[in-house]
Amino acid sequence: MSKEIVKFGKSPVFFDSFTRRPGPVKTNMHYCPGCGHGILHKLLAEAIADRGIQEKVMLVAPVGCAVMAYYYFNCGCISVPHGRAPAVGTGIARVAPDKMVISYQGDGDLAAIGFNEFIQAANRGEKMSVFFVNNSNYGMTGGQMAPTTLPGQKTTTTPYGRNVEVDGYPMKVCELLNSLDVPVYIERCALTSTANIQKARKSIGKALDNLRDRKGFSFVELLCACPINLRKSAADMNKFIDEEMTKYYPLGCFRDRSAESESKPLPPPPIHDPETVRSLLYPKKLDIGVAHTFRNESKLFDRELRLKMAGFGGQGILSLGIMLANMAKLRNFNVSWLPSYGPEQRGGSANCSVIVSRNKIGSPIIDSSCDLLIAISQTALDKFKDEVVPGSVLIYDSSTMTLPPLPEGVIICGVNASEIALKLGNAKCANSVLLGALAAVLKKNNILEGGDKADFDKVFNEAVFESFSSKPEVIELNRLAFVEGEKAVNA
Amino acid sequence: MEYNNRVLLVGNEAAVYGALLAGCDSYFGYPITPASEVAQEAALLFPRLKRVFIQAESEIGAINMVIGASAMGKRAMTASSGLGISLKQEGVSYLAMYELPAVIADITRSGPGLGNIGPEQSDYFQLTKGGGHGGYHCPVFAPDSAQEMCDMTYAAFDIAEKYRTPVYIMADGVIGQIMETVTLPEPRPPRKDSPWSIAGKREDDGTPNYFTTLYLEHSELEQIRLRLEAKYKEIEKNEQRSVAYKLDDAELVLCAFGVSARVALRAVDVLRSQGVKAGLLRPQTVWPFPKDALRGTLKTAKAFLSVEMNCGQMIDDVKLAIDCSRPVHLVSRCSGNIPSVAEIVARAQEVMKEVTK
């Protein structure tokens, strides 16, 4: 392996020796003679060095001829999946806003397979600069048609020339990008004559200034030579770019808001201090609940309780389940709440299963017997009536539903929940009416024993307080509804 | 100020708490049922801690943003469901080859194609057998509760970093949607940026770090592949996790993960009450598959029953683990249906009749 070190006024952003390149050649780049990538690499490496930002630059290399950019650039670098450079760049820029992301992409990579990643990153105004090599074909894979191939141009996949009826017209990326609100700088240059290369040098510099100063998204398209795949001499290649390509891809600046764009400040650093994290994530301890040693005395609670609530979407049936789950949690039980609903957000059938247990909860699914069914639609009751067994409690809305035949020994309670709620002025508090009814049934039948009778009302109040702690009027309404539900059953 | 660390959370939300408490710096999401609550909760909570949340343009965009964040040495996460994970697989293959850590939650639904939004466990093959191109493995956690959604996501970041590999959380839609009491773990103290990030320097020659997956020299790539394989062997050796239930004298060993395992556990109790010596092995990691624990049951096991919500995928691993030395049967439901206790018990009784004949 040779160890040549070459210094011919190279930018310090290039390695002195390309030791990352496999094989014996460590002094040259892998690009073909006359290729535009070499020129762009040089301009970019010089512009980075001129600005003293080498330590900050994170270079994202595409799939295509520039896939091996990390052989040459002496800066942080990642070679990424085809077309995804702006998405990877987004990840880098967002978690490390003090770094400067350069996305280097070819025309297949950016304008075909990766156009979405590109245009979306641009539209988010990511703080990155994208350099786009347009050489009118897929270079690395052997000269196939690119989105940028000119009409009539022969490539290995357009052997008869690009037929616009079949393949469409060349993609004008600068023009497309210029329809977005947020990009700061958009320019198209050509790496042909010395004059054009000098213009490109300025554009690249401006894009890097914007990057350094956190101005926003900058984009420079460079019409580049690919003499090997286009089977042209260097002179013919430049002529093709200057005379043919520029017809579709006019050179010039499409947008330059660099001067008037303000530098965006760095976002605040992420919070990782455990005490602050705790204060921002953990709920504050409210003055409710019971000591962790508390156990409800009723025998009922010695086994796993399986509760089902069913109705149709929009009735609040899922919230009813959550309220019961909350009440159980506040009394040191383990709970699970599992919703089941159709694809409709409203009006379809909806039900949820709540399991309450002192031990780890087994199956969260109720597919046979349940201890409690609260059904507030006829369909729901008909669907789940077989899960009601002797000893189960059934609560239903008696104003709208009729009872199907049920086994003996079911404790049945009809309550006019929706009507009572409406009388109280808010249909939404029907859930609390139902829970009030449940309280009455459990007490009347001595399913709740001793102190648990009063505790049920207490834990309901605590759960309502926890759920609506910022809305005192809602708390009051629900407490009232609970009392009305209890009264209705006892009447 | 006093805080309450015992909360009611939906499984999908619990994963986000696990991630944040593990010190996750960034979340990149895309909406999909039944995983959307992960992105929604992340959108709510990541900014509260001044951490990064981005809704990506696509699943592909999201996984590539994860690549970028991880390459900077930061903890990164994304989540999706089956078909979205299919889209992410290109990026996961790259992550495996870069040897970059990442955590990916798959809240599985029914397939193939769009299937439906009901719970299924049919991503088992996709996640445990590589998934994308090129031959790699990712550790796959299979939580069975909201608590494990939190705990396993929390642990996944450490495993991902320890082995520098993407790690999956595979939870069926039920586990994603279920709300349960969760005890939150303690927040991780701030961690130093990883030395291998592209902001750092290489140990060998002091040049900036870089990541690539391209190795044009065959022998160089082969060396790297062998290194990866050695790492996978190491993970297989160290990271098998499972929970045993009544296995000590079990003649019939049920094997199930996720919500199927919770139904199977009840089935074991019913079978025991009917005089069948049944037990359950619940894999908490499905890759590495808990082979050692399963082999441990061979002392008493006469037959195995794989309970799955797909058309039979894990059953292959059960057979391999025990070298097909016992009959292995299947109870399977799919397309959003969940096997019932009665179905499992009935099949188990048939199997035992067959074995004891």
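In what follows, every chain begins at residue 1, and chains take the letters A, B, ... in the order their sequences are listed. These values consider heavy atoms only, across backbone and side chains, with no hydrogens, waters or symmetry-generated copies.
Chain B forms the most heavy-atom pairs under 4.5 Å with one residue out of A/Ile119, A/Asn326, A/Ile355, A/Val335, and that residue is A/Val335. Note on A/Ala61, A/Ala93, A/Pro283: by heavy-atom pairs under 4.5 Å with chain B, the leading option is A/Pro283. Considering only heavy-atom pairs separated by less than 4.5 Å from chain A, the leading option among B/Ile63, B/Leu21, B/Val66, B/Asp205 is B/Leu21. Residue with the most contacts toward chain B among A/Ala325, A/Pro267, A/Ser279: A/Ser279 (heavy-atom pairs, distance under 4.5 Å). Ranked by heavy-atom pairs under 4.5 Å with chain B, the list A/Lys284, A/Arg278, A/Met68 is led by A/Arg278. Taking B/Val10, B/Val174, B/Leu20, B/Leu265 one by one and counting their heavy-atom pairs under 4.5 Å with chain A, the maximum is reached by B/Val174. Chosen from B/Met72, B/Glu57, B/Glu2, the residue pairing most often with chain A at heavy-atom distances under 4.5 Å is B/Glu57. Options A/Leu59, A/Val57, A/Leu338 differ in how many heavy-atom pairs under 4.5 Å they form with chain B, and the most are formed by A/Leu338. Each of B/Ile54, B/Val341, B/Asn116 has some count of heavy-atom pairs under 4.5 Å with chain A, and the biggest count is that of B/Ile54. For the options B/Arg51, B/Met179, B/Met65, B/Lys50, heavy-atom pairs under 4.5 Å to chain A are most numerous at B/Met179. Contact count versus chain A (heavy atoms, under 4.5 Å) is highest, among B/Ile67, B/Leu8, B/Ile338, B/Leu216, for B/Leu8.
For B/Asp144, the part lying under 4.5 angstrom from a heavy atom of chain A is the side chain only. No part of A/Val101 comes within reach of chain B, as not one of its non-hydrogen atoms sits under 4.5 angstrom from that chain. For A/Gln54, no part lies near chain B; criterion is any non-hydrogen pair under 4.5 Å. Looking at B/Arg6, both its backbone and its side chain come within 4.5 Å of chain A, counting heavy atoms on both sides. Interface residue A/Ala96: only side-chain heavy atoms are found under 4.5 Å from chain B. For a residue to count as touching a neighbouring chain, one of its non-hydrogen atoms must lie under 4.5 Å from one of that chain's; by this rule A/Asn123 does not touch chain B. Both the backbone and the side chain of B/Leu184 come within contact range of chain A, each with at least one heavy atom under 4.5 Å from a heavy atom of that chain. Contacts of A/Glu117 with chain B are made by both backbone and side-chain atoms, with heavy-atom separations under 4.5 Å. Both the backbone and the side chain of B/Glu186 come within contact range of chain A, judged by heavy atoms closer than 4.5 Å. Contacts between B/Asn5 and chain A at a heavy-atom distance below 4.5 Å involve backbone atoms as well as side-chain atoms. Neither the backbone nor the side chain of A/Phe73 has a heavy atom closer than 4.5 Å to any heavy atom of chain B. With a 4.5 angstrom heavy-atom cutoff, B/Val52 touches chain A only via side-chain atoms. Only the side chain of B/Ala71 has a heavy atom closer than 4.5 Å to any heavy atom of chain A. The contact between B/Arg266 and chain A is made entirely by side chain atoms (from C-beta outward), counting heavy-atom distances below 4.5 Å. Heavy atoms of A/Ile365 lying under 4.5 Å from chain B belong exclusively to its side chain.
For A/Arg331, the side-chain hydrogen bond (donor to acceptor under 3.5 Å, both in side chains) criterion is met by A/Asp455, A/Glu462, not counting sequence neighbours.
Residues of residues 81-89 of chain A lying within less than 4.5 angstrom of chain B, judged on heavy atoms, are A/Pro81, A/His82, A/Arg84, A/Ala87, A/Val88 in numerical order.
Annotation for A/Leu280 and B/Arg48: closest pair O-NH1, 3.0 Å, computed over non-hydrogen atoms. For the residue pair A/Val277 and B/Pro187, the shortest heavy atom distance occurs at CG1-CB, 3.8 Å.
Ring orientation note: the planes of A/Phe118 and A/Phe115 are tilted relative to one another, at an angle of 30° to 60°.
There is no side-chain donor-acceptor pair under 3.5 Å between B/His133 and B/Tyr94. The closest side-chain donor-acceptor pair between B/Ser70 and B/Arg75, if any, does not fall under 3.5 angstrom. B/Asp269 and B/Tyr245 form a side-chain donor-acceptor contact under 3.5 Å, judged by distance and modelled atom types alone. Residues B/Ser58 and B/Tyr30 have side chains that never bring a donor and an acceptor to within less than 3.5 angstrom of each other. Counting only N and O atoms by type, the side chains of B/Glu217 and B/Ser219 include no donor and acceptor under 3.5 Å apart.
Applying the side chain to side chain donor-acceptor pair (under 3.5 Å) definition to pairs two or more places apart or across chains, those involving residues 12-21 of chain B are B/Asn12-B/Glu37. A side chain to side chain donor-acceptor pair (under 3.5 Å) check over residues 358-368 of chain A, counting only residues at least two apart or in different chains, returns the pairs A/Asp302-A/Arg358.
Of the possible polar contacts, one joining the A/Trp337 side chain to the A/Leu318 backbone as a donor-acceptor pair under 3.5 Å is found. Counting only distance, with no hydrogens or angles, the side chain of B/Thr213 and the backbone of B/Tyr98 share no donor-acceptor pair below 3.5 Å.
The existence of a salt bridge linking B/Lys88 and B/Glu90 is excluded, since no basic side-chain nitrogen approaches an acidic carboxylate oxygen closer than 4.0 Å. A/Lys329 has no carboxylate O lying under 4.0 Å from a charged side-chain N of B/Glu180, or vice versa, which leaves the two without a salt bridge.
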(request) Could you walk me through whether B/Gln147 and B/Ser145 pass side chain to side chain donor-acceptor pair (under 3.5 Å), step by step? (result) CA-CA 5 Å; B/Gln147 183 69 58; B/Ser145 59; over 6 Å; no
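Here the two rings, on A/Tyr71 and A/Phe18, have centers that are 6.0 Å apart or farther. Here B/Phe53 and B/Phe46 keep their ring centres 6.0 angstrom or further from each other.
Between A/Met128 and A/Thr90 the shortest side-chain heavy-atom distance falls below 4.5 Å.
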